[in-house]
Student: 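First the structure, which I've put down as structure tokens, then a few questions once you've had a look.
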Amino acid sequence: MNIRRTLLLGLMALAASPLVLAQQPIVIKFSHVVAKDTPKGKAADQFAKLVNERAAGKLKVEVYPNSQLYKDGEEMNAIQLGAVQMLAPSLAKFGPLGVREFELFDLPFIFDDYNALHRITNGPVGASLLKKLEPKGIVGLAYWDNGFKDFSANRLTKKPEDFKGLKMRIQSSKVLESQMRSLGVIPQVMAFSEVYQALQTGVVDGTENPPSNFYTQKMHEVQKYMVQSHHGYLGYAVIINKKFWDELSPDLKKIVSSAMDESTRYANAIALKENADATDAVKASGKTQVVALSPAERSELKKVMVKVHKEQESRIGTELIKSVYKETG
Ligand code: LMR
């Protein structure tokens, strides 16, 4: 046997030895579609940092931002197959998985502010929604905030009639589809990673997103107006593959849970400011004009869009919607 072959066999034996195997960390691939410099991007990095510091080499979180690994529409498949272990999809993206109730969060004007929203996400309604993911092979760990959406377009859209005939990109939610139709908009479902180009080339005329997503995807380079409608909420459920979770040791579960609690508090503490800063950055760019709505203008939009609640009642669940009205008073 020549020396190279002996060395190679020796290395292979070493790699398979329990000593080396025991040193290999269990890896959590955490994939998401937004920029690192957003509430979700920062919270995912914070979560990874905490786990990696505390797990003493036994568990490692690797974060893949910006649709690097998977785009919308692919990532739910990837987590169910175990190709990634964690995601934090927007609540608007669970319908295609067969859990329509999350589209509750897409109803326009259902939450007045973060406080009203937190009564749901931190209460029994939020917990019961996360439970619905388990038969799909997914465990819900937490809700992370982003913020309230603004409309953007190359036409100024302050009044309901201003929207008529525009094509707008939406996330894959039937409730958002119905919201856009209530304004006479032609909705187009599209992956987040494709929005900039679609706006640039005129495939769509506009979209909706919280300012942090708008700014970090550089949509201000390709949109003339951003109207501060704050007409709906966009936030996330942080999820993990159930088989992977069930097989983690109690010690590692504890590390993941406490890191998740801390990064959830962090995400929800920075979301408001991140979005305010992004709005300022859009204004400072001088490219997109940021337009405020008067209370009367906002209620005119609300009057038209709120009809979606009734229309989508059978999809989301009448009782569920009623319980949200009750909780948020
Ligand atoms: C979108 O697709 O607009 C958002 O869900 C992106 C995100 O994850 O915030």
Side-chain angles (χ1 to χ4, degrees), residues 30-45 47 63-76 78-79 84 86-97 99 102-108 117 121 140 142-153 167-177 179-180 185 187-199 203-220 222-223 226 229-239 263-264 267-268 270-272 274-275 278-279 282:
F30 186 163
S31 168
H32 68 78
V33 300
V34 295
K36 282 170 86 67
D37 198 15
T38 53
K40 174 163 67 178
K42 288 185 174 180
D45 287 347
F47 169 72
V63 180
Y64 296 89
N66 255 325
S67 311
Q68 247 172 52
L69 281 190
Y70 297 104
K71 302 197 286 189
D72 301 347
E74 301 169 345
E75 54 174 24
M76 286 296 193
I79 195 170
V84 291
M86 283 182 69
L87 303 172
S90 133
L91 300 165
K93 293 176 184 168
F94 287 81
L97 192 71
V99 192
F102 280 94
E103 289 178 9
L104 156 78
F105 292 95
D106 298 333
L107 288 169
L117 165 83
T121 49
Y143 290 98
W144 284 357
D145 283 342
N146 189 336
F148 290 84
K149 294 176 288 185
D150 292 335
F151 282 116
S152 70
K167 274 184 280 161
M168 285 193 165
R169 178 268 172 172
I170 54 164
Q171 307 173 82
S172 57
S173 154
K174 294 286 176 210
V175 170
L176 294 179
E177 203 173 305
Q179 168 203 273
M180 289 303 193
V185 165
Q188 196 149 328
V189 174
M190 188 180 289
F192 185 62
S193 54
E194 288 158 14
V195 181
Y196 176 88
Q197 206 185 357
L199 292 170
V203 168
V204 288
D205 306 300
T207 188
E208 56 166 9
N209 236 302
S212 63
N213 278 347
F214 184 84
Y215 181 68
T216 54
Q217 293 299 312
K218 300 188 171 27
M219 295 183 204
H220 59 286
V222 288
Q223 292 278 264
M226 182 175 109
S229 45
H230 310 328
H231 58 276
Y233 172 74
L234 190 154
Y236 311 103
V238 190
I239 57 176
S263 31
T264 299
N268 299 353
I270 64 171
L272 177 65
E274 288 286 317
N275 279 300
T279 303
V282 172

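First listed ligand is number 1; within each ligand, the first listed atom is number 1. From a predicted model like this one, the values you see are computed outputs, not experimental measurements.
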Student: Kindly say whether His32 contributes a backbone atom to a donor-acceptor pair with the side chain of Lys40 at under 3.5 angstrom?
Tutor: no

Student: Between Tyr233 and Asp145, does a side-chain hydrogen bond (donor to acceptor under 3.5 Å, both in side chains) hold up when you go through it step by step?
Tutor: CA-CA 9 Å; Tyr233 172 74; Asp145 283 342; 2.7 Å; yes

Student: Taking atom CD of Gln197 as the centre, does the number of heavy atoms from other residues, nucleotides or ligands within less than 6.0 Å exceed 12?
Tutor: no

Student: Looking only at non-hydrogen atoms, find the nearest pair between Asn275 and Pro210 and report the distance.
Tutor: OD1-CB, 3.5 Å

Student: Test of understanding: with salt bridge (Lys or Arg N to Asp or Glu O under 4.0 Å), list the residues that count as partners of Asp72, not counting sequence neighbours.
Tutor: Lys93, Arg169

Student: Considering residues at least two apart in sequence or located in another chain, which fulfil the salt bridge (Lys or Arg N to Asp or Glu O under 4.0 Å) criterion with Glu75?
Tutor: none

Student: Atoms of ligand 1 less than 4.0 Å from Ser90 heavy atoms?
Tutor: 5 (O)

Student: Please could you name the atoms of ligand 1 that Val34 approaches to less than 4.0 Å, counting only its heavy atoms?
Tutor: 6 (C), 7 (C), 8 (O), 9 (O)

Student: What is the closest protein heavy atom to atom 3 (O) of ligand 1, and at what distance does it sit?
Tutor: Arg169 NH1, 2.7 Å

Student: How far is atom 5 (O) of ligand 1 from the closest protein heavy atom, and which atom is that?
Tutor: Gln171 OE1, 2.6 Å

Student: Take every heavy atom of Lys40, measure it against each atom of ligand 1, and state whether any distance is under 4.0 Å.
Tutor: yes

Student: In this structure, does ligand 1 have an atom that sits under 4.0 Å from one of the heavy atoms of Leu234?
Tutor: yes

Student: Answer yes if the side chains of Glu274 and Ser212 hold a donor-acceptor pair under 3.5 Å, and no otherwise.
Tutor: no

Student: Numbering the atoms of ligand 1 from 1, which are under 4.0 Å from a heavy atom of Lys93?
Tutor: 1 (C), 2 (O), 4 (C), 5 (O), 6 (C)

Student: Suppose I only count heavy atoms of Asn209 and a 4.0 Å limit; which atoms of ligand 1 are within that range?
Tutor: 3 (O)

Student: Write out the residue and atom name of the closest protein heavy atom to atom 9 (O) of ligand 1, then the distance separating them to 0.1 Å.
Tutor: Tyr236 OH, 2.5 Å

